[in-house]
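Atoms within each ligand, like the ligands themselves, are counted from 1 in listed order. It should be emphasised that the depicted structure is a prediction, and the values quoted were computed from it without experimental measurement.
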Amino acid sequence: MKKRVWILLCLLFMMLASCTQGSNDSRNPSENTEGLIVVGFSQVGAESDWRHANSKSMRDTFSEENGYRLVFRDAQQKLENQIAAIREFIELKVDYIVFAPVSEEGWDDVLREAKAAGIPVIIVDRMIQTSDDNLFTCWVGSDFRKEGDVAVAWMENAFEARSSINIVHLQGSMGSSAQIGRTEGLQAGVDRNSGWEIIYRDSGDFTQVKGKEVMEYVLKQYTRIDVLYCENDNMAYGAMEAMDMAARTYGVNGEVTILSFDATRTGLEATLQGKINYNVECNPLHGPRVEAVILQLEKGEVPDKLAYVEEMSFDAATITQEDIDARAY
Ligand code: GZL
């Protein structure tokens, strides 16, 4: 009987250990890699639908059937975990290091270590600030400032006749290039339009839970909110929960016009339902794009230093179910 209890306790511990490591791979990354290209990937975390789609794209692309061993590390949105993961990849002598930086600052030291180890580094999704752009081979991602500008252009058209608008600004993870670019876009719009006022600005860290928390506070403070500028879909879902609970209306026929980013499937369904007025795409399907770079490097070719993905946007007034059905995520 005691032996059974002991075995059950061990199994429980192993399950808990794997859960606390997020979606990390538990197998030994160095085993049986003969003939495979070993890719170490440090992922931001699992904070949003966008992130899940991005991780799936990377896992689907860098599969063993496709000739890769993917060493996947979930940083749980902590810079120190990403730096530790990159150091692990150096120890493992992976063929390529790929990472989606949680924030723009703090990378030079560990990238110098990767360079000294002779391992090419590919940055995906967000960008970094560095004193030496030779510390990374290339970057694939989105133009976040352009995303913000696209959203603001829609606002300028939608509110052209209004002399003043009160804006609540839900920012993403502070210091991430997605937050920086989308915020810069809105700020440029506010600077151009004297009647625009950001009555409240705070970060919801790209998560639904924090988006709801921030909006619950805002709704208690402000009786007139014209626009919610929300830097990703998951925070918009949280904000909508809060507005539902406070009996405040939103969307096409509501008090609060909602602009969101990512254009994930759930976000586009909300746009089709008229709950989100305008949704700017941020495409997460970077797996094939990163693989194309690796295949170039394998052939001794030099990839473009910066590769921006093409993105579109969706208006509740014109979106159709076919638009959504055509989407890959
Ligand atoms: C954007 C990406 C952002 C998404 C969020 O490229 O970094 O992080 O907009 C995600 O949904 O959490």
Report yes or no: is the cationic atom of Lys212 (NZ for Lys, CZ for Arg) closer than 6.0 Å to the six-membered ring centre of Tyr237, at no more than 45° off its axis?
no
Contact atoms of ligand 1, heavy-atom distance to [X] under 4.0 Å:
{"X": "Phe206", "value": "5 (C), 8 (O), 12 (O)"}
{"X": "Ser48", "value": "5 (C), 10 (C), 11 (O), 12 (O)"}
{"X": "Cys282", "value": "1 (C), 6 (O)"}

Per-residue contact class, Phe144 against ligand 1 - non-hydrogen pairs under 4.0 Å
side chain
Specify side chain, backbone, both or neither for Arg182, according to which of its non-hydrogen atoms lie closer than 4.0 Å to ligand 1.
side chain
Polar side chain donor-acceptor pair, Arg289 to Asn283, under 3.5 angstrom
yes
Counting only N and O atoms by type, is there a donor-acceptor contact under 3.5 Å from the side chain of Asp205 to the main-chain atoms of Thr207?
no
Closest approach of any protein heavy atom to atom 8 (O) of ligand 1, naming residue and atom:
Arg126 NH2, 2.8 Å
Using a strict threshold of under 4.0 Å (side-chain N to carboxylate O), is an ion pair present between Arg112 and Asp108?
yes
Salt-bridge contact Asp125-Arg51 (side-chain N to carboxylate O under 4.0 Å)
yes
Hey, what's the ring geometry for Phe41 with Phe72, parallel, tilted or perpendicular (30° and 60° as the breaks)?
perpendicular
Does ligand 1 come near enough to [X] that some N or O of the ligand is less than 3.5 Å from an N or O of the residue?
{"X": "Glu47", "value": "yes"}
{"X": "Asp125", "value": "yes"}
{"X": "Glu231", "value": "no"}

To atom 4 (C) of ligand 1, the nearest of Asp262, Asp49, Asn234, Asn232 on a heavy-atom basis is Asp262
Within 6.0 angstrom of Lys93 NZ, more than 12 heavy atoms from elsewhere
no
